[in-house]
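Working notes for the structure below.
Everything numeric in this text was worked out from a predicted model, so none of it was measured.
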Amino acid sequence: MKNFSISVCFFHLNQTLNEPLDRVSPQADLIWENLIKLSDKLPFTELKNLKSELACYEFDRESNVFQHKTESLNLINLWLTKKQEPIELTAINQNGLSISGNLQTFLLNDTYAFDLTLSPADSDRDILPEELYLFEPSSLFLDCSENTLGETIWFYGETAVDDTKCQDAADELVTNFLKNTKFTARLVDEGKGKLLQVPLFEYEISQGNQPNKRYRILVWINNRAIDPDFTSAYDYLFGALWTHHKIEYAYQQGRESYKAARKIYSELEAKIQEFKQDLPLEKLQKILESMPEISMQYQRQLRNLQAHYTTIKVNQRNHQNYLQKFWQPGDISTWQEFGKITCKRYLDQIETYLSYIQPGKDLISEFINTLRGLVEIEQAKFDRAAELREKERDRQLQQTLQDNEKEEKKRDRELENTIQAVGTGLGVGAGVAGVLASSYQSIEKPWALPTPQHPLLAPHPFVMTIALSLLCGYGLGWIAWFWTKRHLNQKLEESSREQQTLSASQNPPINNILQQGETAIDRRNNG
């Protein structure tokens with residue numbers, strides 16, 4: 001093929017919903033790092049020094065590196081180069097083939113994009129399918145991240161073959177291009193499309209038998225010796241590629257958001273299954289504490305789904321507007337079908353996702369409100385029971401102190417009574433003994449000692465008087481002490497009973513009140 005070229009169109013978000021308007025995403029640099037990395041295989045000097053040519057970077061002399069400029073987000077012009085023009089790549093030699101290049105960099109709203117076009121330096125040089133390895137095909141499938149919208153690899157060449165042979169030529173190009181890669185390709189719509197009246201073949205890329213929506217291959221074979229008005233249609237073509245990738249990206253992200261929401265919903269169901277109204281307070285609180293995180297994650301996925309729906313809706317309209325600028329009768333029908341049929345199917349599917357997970361939002365709110373109500377009720381019961389327990393302990397402590405004080409006063413009064421009774425007894429006994437002692441006048445009688453004739457003698461009258469006085473004094477004193485102490489103790493007991501009756505009337509039992517909070521405390525202890 002003559003006038004052969006390979007164009008790599010790459011689209012990458014520089015911002016997501018997670019970043020503020022004056023900040024770029026941490027992964028925004030990947031698109032430009034991809035080009036710098038590509039220079040290892042295709043050693044274009046301009047690719048190695050790319051950041052010095054881009055308006056979104058400035059050189060920091062302190063750190064000696066290029067840093068991202070947030071001012072680049074406010075660029076009005078779509079060009080992202082400082083000179084506002086394409087970067088021409090100096091030709092390199094690849095095993096005898098001189099390859100030149102052209103790089104166009106853009107800022108499209110929230111998207112960084114570039115168009116890297118590679119071609120033989122000699123445009124008349126025929127390129128055989130077997131020579132495509134010289135363009136390092138595996139390196140042209142650039143790395144992707146969560147911010148990557150997608151990549152389209154576009155072949156163009158001129159050859160003198162019949163229309164019936166164009167598909168075979170396109171298949172041969174794609175087969176040789178993917179020979180040493182991990183991808184396979186499938187032709188879309190059996191090659192019935194055209195672009196600007198020139199046959200166009202669209203291939204869907206698969207990886208591991210699964211479609212990989214990030215990559216597409218287009219083969220444009222000019223077999224009619226005509227010069228399509230590609231320059232005037234370029235901006236619209238590039239816009240159509242951009243919106244196509246953005247729609248596919250938004251739909252895939254929407255599916256991921258739905259899966260994440262379903263996973264979170266299953267966690268919610270587990271919490272609901274665990275929930276019972278009579279759970280202990282600690283378990284209710286534990287469930288309630290886990291709910292804010294579940295709620296926020298669920299709300300975030302719901303928000304993402306709504307954002308993806310809006311993205312598809314807006315870009316569907318933009319995609320159709322771009323097509324209207326260059327599409328001609330007989331041109332690629334699949335692109336129009338994508339804008340009208342495929343996008344509608346995507347929107348309907350996102351609406352279905354939303355209808356499934358929207359009720360979960362209300363369920364989460366109701367569940368949280370129910371948990372809060374039960375926790376507040378159980379906490380109030382527990383606090384009331386704890387307060388009553390505390391009051392009961394204070395009352396018992398006060399009662400103990402009062403009882404101790406009463407016991408101490410009782411012991412003091414008993415001691416006083418004992419002293420009084422003993423004094424009374426001693427007084428009575430001493431009085432009686434004195435009367436008895438004074439009634440005897442034999443103290444002056446002589447003392448007689450035992451003799452052999454009278455070994456046993458009667459006690460001396462004085463001894464008899466003393467013994468009788470002691471006996472009578474002790475006996476009458478004990479009787480007086482006993483009756484006096486008994487009388488005083490009876491008075492003490494009567495006084496104590498009167499005080500207890502008065503205290504009971506002033507401090508009624510609170511057992512009935514405590515029963516209201518007993519259940520909450522027992523449940524908490526058992527929990």
Is the shortest side-chain N to carboxylate O distance from Lys325 to Asp235 below 4.0 Å?
-> no
Taking all atoms of both residues into account, what is the closest heavy-atom pair of Leu30 and Asp143, and its distance?
-> CD2-O, 3.9 Å
Pair Asn147-Tyr112, side-chain donor/acceptor within less than 3.5 Å | no
Hey, which of His68, Gln67, Glu33 is the one that makes side-chain hydrogen bond (donor to acceptor under 3.5 Å, both in side chains) with Lys51?
-> Glu33
side-chain contact (heavy atoms from CB on, under 4.5 Å) assessment of Trp242 paired with Cys9 | CA-CA 9 Å; Trp242 168 46; Cys9 302; over 6 Å; no
For atom CZ of Arg303, is the number of surrounding heavy atoms from other residues, nucleotides or ligands below 6.0 Å larger than 12?
-> yes
Electrostatic pair Lys194:Asp163 at N-O distance under 4.0 angstrom | no
Any Val8 side-chain heavy atom under 4.5 Å of Glu151 side chain = yes
Distance-only donor-acceptor check, side chains Thr81 and Glu53, under 3.5 Å | no
Check whether any side-chain heavy atom of Ile92 sits under 4.5 Å from a side-chain heavy atom of Gln94, and report yes or no.
-> yes
Minimum heavy-atom separation for Tyr322 to Ala240, with atom names?
-> CD1-N, 3.7 Å
More than 12 non-hydrogen atoms from neighbouring residues, nucleotides or ligands closer than 6.0 Å to CZ on Phe183, yes or no?
-> yes
Asn102 and Thr117: side chain donor to acceptor below 3.5 Å | no
Sole residue of Tyr258, Tyr353, Tyr346 in ring-ring contact (aromatic ring centres under 6.0 Å, His included) with Tyr251 | Tyr346
Under 3.5 Å, side chain of Gln320 to main-chain N/O of Gly339, donor-acceptor pair present?
-> yes
Mind checking whether Phe177 and Phe155 have parallel, tilted or perpendicular rings, split at 30° and 60°?
-> perpendicular
Mind listing the closest non-hydrogen atom pair of Ser139 and Lys41 along with its distance?
-> OG-CG, 3.0 Å
Answer with yes or no whether the side chains of Asp162 and Asn223 bring together a donor and an acceptor at under 3.5 Å.
-> no
Does atom OH of Tyr356 have more than 12 heavy-atom neighbours from other groups under 6.0 Å away?
-> no
Are side-chain N/O atoms of Asn49 and Ser52 paired as donor and acceptor at under 3.5 Å?
-> no
Does atom NZ of Lys82 have more than 12 heavy-atom neighbours from other groups under 6.0 Å away?
-> yes
Going by atom types alone, do Asn109 and Thr111 pair a side-chain donor with an acceptor below 3.5 Å?
-> no
Closest non-hydrogen atoms of Ser257 and Gln301, given as atom of the first, atom of the second and distance, are CA-OE1, 3.3 Å
Give a yes or no on this: more than 12 heavy atoms of other residues, nucleotides or ligands lie within 6.0 Å of atom CD of Glu146.
-> no
Step-by-step side-chain contact (heavy atoms from CB on, under 4.5 Å) determination, Ile153 to Ser7 | CA-CA 6 Å; Ile153 298 178; Ser7 294; over 6 Å; no
Leu38 vs Leu116, side-chain contact (heavy atoms from CB on, under 4.5 Å): CA-CA, chis, key distance, verdict | CA-CA 11 Å; Leu38 180 60; Leu116 173 65; 3.5 Å; yes
Can you check whether Trp32 reaches Leu80 side chain to side chain, under 4.5 Å on heavy atoms?
-> yes
Ser39 side-chain N/O to Ile36 backbone N/O, donor-acceptor pair under 3.5 Å | yes
Could you check if a side-chain atom of Val161 sits within less than 4.5 angstrom of a side-chain atom of Asp168, using non-hydrogen atoms only?
-> no
Polar side-chain atom of Trp220 near backbone of Leu195 as donor-acceptor pair, under 3.5 Å = yes
Can you see which heavy atom on Leu50 is nearest to which on Leu103, and at what distance?
-> CD1-CD2, 3.6 Å
Aromatic ring pairing Phe114/Phe10, orientation class (parallel under 30°, perpendicular over 60°, tilted between) = parallel
Distance-only polar pair, side chains of Asn176 and Tyr133, donor-acceptor under 3.5 Å = no
Is Glu131 close to Arg125 at the side-chain level, that is, under 4.5 Å between some pair of heavy atoms?
-> yes
Please determine if Glu204 and Arg186 form a salt bridge, counting it only when a charged side-chain N lies under 4.0 Å from a carboxylate O.
-> yes
Phe141 vs Tyr215 aromatic rings, parallel, tilted or perpendicular, using cut-offs 30° and 60°?
-> perpendicular
Ile341 vs Lys344 side-chain heavy atoms within contact, under 4.5 Å | no
For the student: nearest non-hydrogen atoms of Ile99 and Phe44, plus distance = O-CE2, 3.6 Å
Derivation and outcome, side-chain contact (heavy atoms from CB on, under 4.5 Å), residues Val219 and Ile221 | CA-CA 6 Å; Val219 181; Ile221 297 180; 3.7 Å; yes
Among side-chain atoms of Tyr156 and Asn3, is any donor-acceptor pair under 3.5 angstrom?
-> no
Donor-acceptor pair, side chain of Glu46 and main chain of Thr90, under 3.5 angstrom = yes
Distance (rounded to the nearest 0.5 Å) between Leu13 CG and Gln253 CD = 9.0 Å
Is it the case that Thr342 and Glu337 place a side-chain donor and acceptor less than 3.5 Å from each other?
-> no
Measure the shortest side-chain to side-chain distance between Leu132 and Leu173 over non-hydrogen atoms and say whether it is less than 4.5 angstrom.
-> yes
Is it the case that more than 12 heavy atoms not belonging to Asn180 sit under 6.0 Å from its CG atom?
-> no
Do Leu241 and Phe11 have side-chain heavy atoms sitting under 4.5 Å apart?
-> yes
